[in-house]
Undergrad: 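Okay, here's the structure, questions in a sec.
Proteins get letters first, then strands, A, B, ... in listed order; numbering begins at 1 in each.
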Amino acid sequence: MLDPQLLRANPENVKLEMNRHGADLDLALLNSLESRRKDIQVKTQTLQSERNTRSKSIGMAKAKGEDIQPLLDSVSQLGDELKAAEAELNDIQAELLAIQLTLPNILSADVPDGKDEEQNQLVRTWGEPKKYDFEVHDHVELGEQLQGIDFEAGAKIAGSRFVTLSGPLARLQRALTQFMLDTHTDSHGYRETYVPYLVNKESLLGTGQLPKFEEDLFKIGDESPYYLIPTAEVPVTNLVRDEIISADDMPLKFVSHTPCFRSEAGAYGRDVRGMIRQHQFEKVELVQIVKAGESDAAHQQLTADAENILQALNLPYRLMLLCSGDTGFSSTKTLDLEVWLPGQDAYREISSCSNFGDFQARRLKARWRNPDTGKPELVHTVNGSGLAVGRTLIAVMENYQQEDGSINLPDVLLPYMGGLKSIKL
RNA sequence: GGAGAGAUGGCAGAGCGGUUGAAUGCACUAGUCUUGAAAACUAGCAUGGGUUAACGCCCAUCCAGGGUUCGAAUCCCUGUCUCUCCGCCA
């Protein structure tokens with residue numbers, strides 16, 4: 001959520017920022033709501049104040065044993081008027097809130113303008129895509145040959161966009177998860193965190209998936225529904241909802257491995273082949289809760305922490321700065337890591353690292369107490385995948401494939417593979 | 001699933017329907033004392049919002065949402081969560 005003060009003080013400018021981030025702001029509507037809000041709030045509070053002083057004087061008169069009937073008569077119609085004013089104020093504030101909740105974050109000044117991923121900016125590349133002197137296969141072919149990936153079984157058990165893994169490839173996914181968690185906890189200073197995979201509405205409102213992106217989520221139940229988490233970002237970031245964090249505990253750095261569930265509505269034709277885009281996938285997520293001035297540095301560091309995993313696995317990748325049109329709703333700035341996939345002859349997203357500024361914190365009421373002022377201040381939130389495990393599995397398979405269809409294992413994974421050095425049929 | 005108890009400020013914990021945003025203790029901040037620290041003493045110390053050039057004034061908030069009342073932390077209803085006991089269970 002944007003700072004309401006900013007919205008009031010400089011609505012024209014906010015409108016431009018919204019346009020840049022692919023949203024619109026109806027200034028006429030906003031202005032009329034704002035001016036009504038102002039009038040009615042003042043009116044309501046005046047009536048409340050009036051009621052309070054009168055009620056107080058009734059109490060005092062009663063204590064002295066005076067006749068309070070005339071006083072009671074004099075407030076009789078105040079109540080109705082107040083009730084009406086309060087109801088009207090409630091409605092307007094709900095309307096204003098509804099608008100505010102659908103406005104995206106203001107983009108960082110260094111985010112390039114652009115429509116879609118075509119306009120994302122290359123920051124740097126790492127590693128060289130390997131040259132193969134044989135015909136490369138994608139992970140679907142490799143996985144089926146090795147009898148470790150079964151899309152038909154996934155489709156039978158659940159439906160399209162589900163998969164089953166088995167044998168050494170299933171273990172490889174677990175090994176990758178373990179390796180990522182160990183690296184982030186032991187070397188990068190994150191605290192391992194286990195969280196619910198079902199969350200309530202409030203949590204999704206806090207991180208910004210709701211109210212706007214409900215169709216991307218799996219929902220369970222009607223009256224007080226649960227939602228399957230689309231990313232660990234949701235439960236982990238909500239750890240600090242309604243909290244005031246003491247300065248000594250800042251920054252908070254969490255790492256969490258969870259399955260993620262996305263309905264992928266609106267992605268009908270995209271990535272139908274293979275494990276790239278599934279309804280259910282594993283991800284190791286990094287989340288940092290930091291002081292306002294420190295989120296840019298934290299964003300850089302968190303991205304580097306994710307890059308470390310790719311480097312340790314010796315997977316070629318590139319770092320992209322997302323353009324305005326491709327940057328997510330809650331983000332001020334997003335850096336994507338794209339891994340090289342020989343089977344697709346392309347770089348594909350494997351991590352998305354975002355700085356949210358105070359946008360999520362305002363929705364979450366997540367604050368820290370600044371010892372200099374003694375006052376609570378909104379935190380900044382930063383997160384990113386470190387990494388998407390399913391896509392990392394694909395990347396390892398495709399990059400480490402051998403001519404005979406076997407897959408060599410990266411050195412760092414060997415301790416997790418129980419003596420296995422290569423996966424073959 | 002059944003029975004009961006509870007939810008109050010950073011924490012602990014009071015609070016006959018009436019001048020209670022809320023006693024007290026702890027923690028925290030500042031001061032006095034001390035060579036310094038501790039102790040003791042003194043003072044300060046919730047959050048969000050409205051309005052104002054500012055000092056300030058005002059409003060809301062005692063789990064959440066409704067209700068009763070001139071007036072609700074206090075009474076009533078609904079929900080959520082926590083605890084205890086019984087049943088079931090990985």
Undergrad: Nearest whole angstrom, please: distance from the P of B:C59 to the CZ of A:Arg51.
TA: 9 Å

Undergrad: Check A:Glu12 with A:Lys15, please: is the shortest side-chain N to carboxylate O separation under 4.0 Å?
TA: no

Undergrad: Mind checking the P distance from B:A22 to B:A60? Whole angstroms is fine.
TA: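 B:A22 and B:A60 have their P atoms separated by 13 Å.
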
Undergrad: Under 3.5 Å for both donor-acceptor distances, Watson-Crick or wobble: does B:C83 have a partner, and if so which one?
TA: B:G4

Undergrad: Using purine N1 to pyrimidine N3 plus N6-O4 or O6-N4 for Watson-Crick, or N1-O2 and O6-N3 for G-U wobble, both under 3.5 Å, which nucleotide pairs with B:A38?
TA: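 None - no nucleotide pairs with B:A38, as no candidate has both distances under 3.5 Å.
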
Undergrad: Just name whichever nucleotide pairs with B:G71, Watson-Crick or G-U, keeping both distances under 3.5 Å, else none.
TA: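 B:G71 is unpaired by these criteria.
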
Undergrad: P atom, B:G4 versus B:C77: distance in rounded Å?
TA: 14 Å

Undergrad: Answer with base, sugar-phosphate or nothing: what part of the nucleic acid does A:Pro376 contact at a heavy-atom distance below 4.0 Å?
TA: sugar-phosphate

Undergrad: Looking only at side-chain atoms of A:Gln45, point me to the closest of B:C59, B:U51, B:C70.
TA: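 Looking only at side-chain atoms, A:Gln45 lies closest to B:C59.
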
Undergrad: So, A:Glu152 and A:Lys156, do they make that salt bridge, N to O below 4.0 Å?
TA: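 Not counted as a salt bridge, because no side-chain N and carboxylate O are separated by less than 4.0 Å.
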
Undergrad: For the pair A:Lys219 and A:Glu214, find out whether any cationic side-chain nitrogen is under 4.0 Å from an anionic carboxylate oxygen.
TA: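 Yes, charged N to carboxylate O under 4.0 Å.
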
Undergrad: Hey, is A:Lys115 close enough to A:Asp326 for a salt bridge, meaning N to O under 4.0 Å?
TA: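 No salt bridge links A:Lys115 with A:Asp326.
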
Undergrad: Has A:Lys56 got a side-chain N or O lying under 4.0 Å from the OP1 or OP2 atom of B:U20?
TA: no

Undergrad: Once you apply a heavy-atom cut-off of 4.0 Å, does A:Arg37 come out as touching a base, just sugar-phosphate, or nothing?
TA: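 Sugar-phosphate contact only.
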
Undergrad: Roughly, in whole Å, what's the span from CG in A:Leu378 to P in B:G48?
TA: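 Result: 9 Å.
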
Undergrad: Determine the Euclidean distance between corresponding P atoms of B:G48 and B:G6; express it in Å to zero decimal places.
TA: 32 Å

Undergrad: Counting the benzene-type ring for Trp, do A:Phe218 and A:His279 have ring centres under 6.0 Å apart?
TA: yes

Undergrad: Would you mind telling me which residue lines up with the more 5' stretch of RNA chain B, A:Met60 or A:Glu50, judged by nearest nucleotide?
TA: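 Mapping each residue to its closest nucleotide by heavy atoms, the 5'-most match is A:Met60.
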
Undergrad: Expressed in angstrom and rounded to an integer, what is the separation of A:Lys365 atom NZ from B:A46 atom P?
TA: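 So the two atoms are 20 Å apart, to the nearest Å.
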
Undergrad: Could you measure between the two P atoms, the one in B:U42 and the one in B:U24, and give it in whole Å?
TA: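 Approximately 12 Å lies between the P atom of B:U42 and that of B:U24.
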
Undergrad: Taking the side chain of A:Gln48 as heavy atoms from C-beta outward, which of B:U51, B:A60, B:A46 is closest to it?
TA: B:A60

Undergrad: For A:Lys375, which contact category applies under a 4.0 Å heavy-atom criterion: base, sugar-phosphate, or nothing?
TA: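 Sugar-phosphate contact only - A:Lys375 comes under 4.0 Å of backbone atoms but never of a base.
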
Undergrad: Could you let me know what B:C62 is paired to, Watson-Crick or G-U wobble, both distances under 3.5 Å, or none if it's on its own?
TA: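 B:C62 is paired with nothing.
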
Undergrad: Without decimals, in angstroms, what is the distance between A:Ile92 CD1 and B:G49 C1'?
TA: 16 Å

Undergrad: Take atom P in B:G10 and the same atom in B:A3, then report the distance between them in whole Å.
TA: 35 Å

Undergrad: Using OP1 and OP2 only, check whether a side-chain N or O of A:Ser55 sits under 4.0 Å from B:G18.
TA: no

Undergrad: Considering only the C1' atoms, how many Å lie between B:G65 and B:U51, rounded to the nearest integer?
TA: 29 Å

Undergrad: A:Arg367 side chain N/O closer than 4.0 Å to the phosphate oxygens (OP1, OP2) of B:G48?
TA: yes

Undergrad: Round to a whole Å and report the spacing from CD of A:Gln41 to P of B:U51.
TA: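 Answer to the nearest Å: 7 Å.
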
Undergrad: Quantified in whole Å, what is the P atom distance between nucleotide B:A12 and nucleotide B:A27?
TA: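 B:A12 and B:A27 have their P atoms separated by 15 Å.
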
Undergrad: How far does the P atom of B:C62 sit from the matching atom of B:C75, given to the nearest Å?
TA: 14 Å

Undergrad: What's the OH-C1' distance between A:Tyr226 and B:U80, to the nearest Å?
TA: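 Result: 10 Å.
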
Undergrad: What is the distance from CD of A:Glu243 to P of B:U47, rounded to the nearest Å?
TA: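 Whole-Å distance recorded here is 15 Å.
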
Undergrad: Quick one: is A:Lys83 getting a side-chain N or O under 4.0 Å of the B:U68 phosphate, OP1 or OP2?
TA: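 The answer is yes; a side-chain N or O of A:Lys83 sits under 4.0 Å from OP1 or OP2.
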
Undergrad: Measuring to OP1 and OP2 of B:A60, would you say a side-chain N or O of A:Asn52 lies under 4.0 angstrom away?
TA: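 Answer yes for this pair, as a side-chain N or O of A:Asn52 is under 4.0 Å from OP1 or OP2.
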
Undergrad: Please report the shortest heavy-atom distance between A:Pro11 and A:Leu30, naming the atom on each side.
TA: CB-CD2, 4.2 Å

Undergrad: Would you kindly give the CG-to-C1' distance between A:Asp80 and B:G71, to the nearest whole Å?
TA: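 Rounding to the nearest Å, CG of A:Asp80 and C1' of B:G71 are 16 Å apart.
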
Undergrad: Could you pick out which residue, A:Arg369 or A:Thr53, lies toward the 5' side of RNA chain B when each is mapped onto its nearest nucleotide?
TA: A:Arg369

Undergrad: Please state whether the rings of A:Tyr197 and A:Tyr194 are parallel, tilted or perpendicular, taking 30° and 60° as the class boundaries.
TA: perpendicular

Undergrad: Counting just side-chain N and O atoms, does A:Arg54 come under 4.0 Å of either OP1 or OP2 of B:U19?
TA: no

Undergrad: With a 3.5 Å limit on both atom pairs, tell me what B:U29 is paired to, counting Watson-Crick and G-U wobble, or say none.
TA: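 Paired with B:A43.
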
Undergrad: Any chance the rings of A:Phe329 and A:Phe359 have centres within less than 6.0 Å?
TA: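 Yes: the rings meet the under 6.0 Å criterion.
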
